[in-house]
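Counting starts at 1 for both ligands and their atoms, in listed order. In what follows, every heavy atom counts, from backbone to side chain, and hydrogens, waters and symmetry copies are set aside.
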Amino acid sequence: MNKIKGCIFDLDGVIVDTAKYHYLAWSSLAKELGIAFNEDDNERLKGVSRMESLNIILSLGNRKMTLEEKELLADKKNKKYVECIDKLKEEEILPGVKEFLQELRNEGIKISLGSASKNSRFILDKLALKNYFDCIIDGNKISKAKPDPEVFLAAVREMELKSEECVVFEDALAGVRAAHNGGMKVIGVGSEENLSEADIVIKGFEGISTDILSKL
Ligand code: B16
Ligand code: MG
């Protein structure tokens with residue numbers, strides 16, 4: 001196998017736990033709409049785009065809306081979410097992530113973001129992590145949701161590498177499938193149970209060094 005020359009990171013659930021802030025914002029909107037929405041429902045929104053998340057919530061309440069109404073609601077949710085992430089602190093970077101990114105930089109391995117979030121740059125700024133990234137591919141640059149490989153293929157292209165030279169770090173099954181669909185290796189971040197399709201699964205980055213790349 002080719003030596004790994006590029007690493008692509010999902011954001012939510014891999015670099016920082018923003019799912020809890022998405023949950024706060026979506027539950028406040030769901031409450032306003034009179035739709036019951038709990039943490040289990042929130043699991044279904046991980047890695048899914050903003051509009052698709054809203055569609056899932058509306059379907060939970062058997063509600064139909066026009067595109068215009070949905071756009072207003074999605075904007076409202078995002079305002080609430082941005083209020084929450086405006087307070088994000090560097091301490092919220094998941095354990096071991098910064099050290100791992102630094103090790104990749106030291107070894108000359110390229111780093112890209114591959115996230116569905118349109119707030120990615122804002123979040124990386126808040127966490128003071130932007131300088132680690134050679135490129136940022138996010139929801140503003142892509143239109144197809146994971147498991148479509150569009151987001152990761154764009155990252156590979158921007159890093160000027162080949163898919164087989166890259167590995168994706170993902171916490172969502174749709175993301176694992178997207179990476180495989182694009183011909184990349186995947187390291188799942190989370191539980192073996194949810195991510196068994198990944199090439200390797202790690203619980204998190206604590207104690208993980210770049211040696212893991214040679215195990216792929
Ligand atoms: P935004 P990821 C995803 O981030 C989240 O997991 C998902 O819950 C969210 O709906 C999506 O970003 C869009 O986020 O509303 O900020 O554009 O896991 O792909 O990094
Ligand atoms: Mg994620």
>> Only heavy atoms of Tyr81, strictly under 4.0 Å: list the atoms of ligand 1 that pass.
In response: 16 (O)

> Quick one: does Arg50's side chain have a donor or acceptor within less than 3.5 Å of a partner on Gly139's backbone?
Replying inline: no

>> Less than 4.0 angstrom from a charged side-chain N to a carboxylate O is my criterion; do Glu164 and Lys185 meet it?
In response: no

>> Quick check for you: to the nearest 0.5 Å, what is the distance between Leu161 atom CG and Cys7 atom SG?
In response: 10.0 Å

> Does Thr18 use its side chain to pair, donor to acceptor, with the backbone of Tyr21 at less than 3.5 Å?
Replying inline: no

> Going by the side-chain hydrogen bond (donor to acceptor under 3.5 Å, both in side chains) test, which pairs reach into residues 142-154, not counting sequence neighbours?
Replying inline: Asp10-Lys146, Lys146-Glu170

> At the 4.0 Å heavy-atom cut-off, does Lys146 count as touching ligand 1?
Replying inline: yes

>> Looking at Glu32, I'd like to know if its CD atom is crowded, meaning that more than 12 non-hydrogen atoms belonging to other residues, nucleotides or ligands lie closer than 6.0 Å.
In response: yes

>> Between Glu90 and Lys98 (salt bridge meaning N to carboxylate O under 4.0 Å), is one present in this structure?
In response: yes

>> Which of the numbered atoms in ligand 1 are under 4.0 angstrom from any heavy atom belonging to Lys118?
In response: 1 (P), 16 (O), 17 (O)

> Salt-bridged, Asp134 to Arg105, with N to O below 4.0 Å?
Replying inline: yes

> Looking at atom 18 (O) of ligand 1, what's its closest protein heavy atom, distance included?
Replying inline: Asp10 OD1, 3.0 Å

>> Could you tell me, atom by atom, which parts of ligand 1 come under 4.0 Å of a heavy atom of Gly47?
In response: 5 (C), 6 (O), 7 (C), 8 (O), 18 (O)

> Counting each atom of ligand 1 from 1 as listed, which ones have a heavy atom of Val48 under 4.0 Å away?
Replying inline: 7 (C), 9 (C), 10 (O), 11 (C), 13 (C)

>> Within ligand 1, which atoms have a heavy atom of Lys46 less than 4.0 Å away?
In response: 6 (O), 8 (O)

> Transitively linked via ILVMFWY side-chain contacts under 4.5 Å: Phe122 with Leu24?
Replying inline: yes

>> Side chain or backbone, does Gly114 bring an N or O within less than 3.5 Å of an N or O on ligand 1?
In response: no

> Going by heavy atoms, is Gly139 under 4.0 Å from ligand 1?
Replying inline: no

>> Any carboxylate oxygen within less than 4.0 angstrom of a Lys/Arg side-chain nitrogen, looking at Glu158 and Lys141?
In response: yes

>> Tell me whether Lys46 is salt-bridged to Glu43, with the criterion being a basic N under 4.0 Å from an acidic carboxylate O.
In response: yes

>> Among residues at least two apart in sequence or on other chains, which ones pass ring-ring contact (aromatic ring centres under 6.0 Å, His included) with Phe100?
In response: Phe169, Phe205

>> Would Asp12 count as being in polar contact with ligand 1, using the rule that some N or O on each side must be under 3.5 angstrom apart?
In response: yes

>> Membership question, hydrophobic clusters at under 4.5 Å side-chain separation (ILVMFWY): are Leu113 and Val14 in the same one?
In response: yes

>> When you measure from the heavy atoms of Ser53 to every atom of ligand 1, does any distance fall below 4.0 Å?
In response: yes

>> Give the atom numbers and elements of ligand 1 that come within less than 4.0 Å of a heavy atom of Leu11.
In response: 20 (O)

> Counting only heavy atoms not in Lys130, do more than 12 fall under 6.0 Å of its NZ?
Replying inline: yes

> Short N/O distance, under 3.5 Å, between Asn119 and ligand 1?
Replying inline: yes

>> Give me the nearest non-hydrogen protein atom to atom 19 (O) of ligand 1 as residue plus atom name, then the distance to 0.1 Å.
In response: Ala116 N, 2.8 Å

>> Just to be sure I understand the site: which N, O or S atoms from the protein are less than 2.8 Å away from the Mg ion (ligand 2)?
In response: Asp10 OD2, Asp12 O, Asp171 OD1

> Under 3.5 Å, N or O to N or O, is Ser117 touching ligand 1 that way?
Replying inline: yes

>> Counting non-hydrogen protein atoms only, what is the nearest one to atom 8 (O) of ligand 1? Give residue, atom name and distance.
In response: Leu45 O, 2.9 Å

>> Side chain or backbone, does Arg50 bring an N or O within less than 3.5 Å of an N or O on ligand 1?
In response: yes

Please list, one pair per line, the donor and acceptor atoms closer than 3.5 Å that link side chains of residues 171-183 to other protein atoms, with sequence neighbours excluded.
unit_1, atom_1, unit_2, atom_2, d
Arg177, NE, Glu197, OE1, 2.9
Arg177, NE, Glu197, OE2, 3.3
Arg177, NH2, Glu197, OE2, 2.6
His180, NE2, Asp199, OD2, 3.0
Asn181, ND2, Pro147, O, 2.9
Asn181, ND2, Arg177, O, 3.2

> Which residue and non-hydrogen atom of the protein lie closest to atom 20 (O) of ligand 1, and at what distance in Å?
Replying inline: Ser115 OG, 2.7 Å

> Does His22 approach ligand 1 within less than 4.0 angstrom via side chain, backbone, both or neither, non-hydrogen atoms only?
Replying inline: side chain

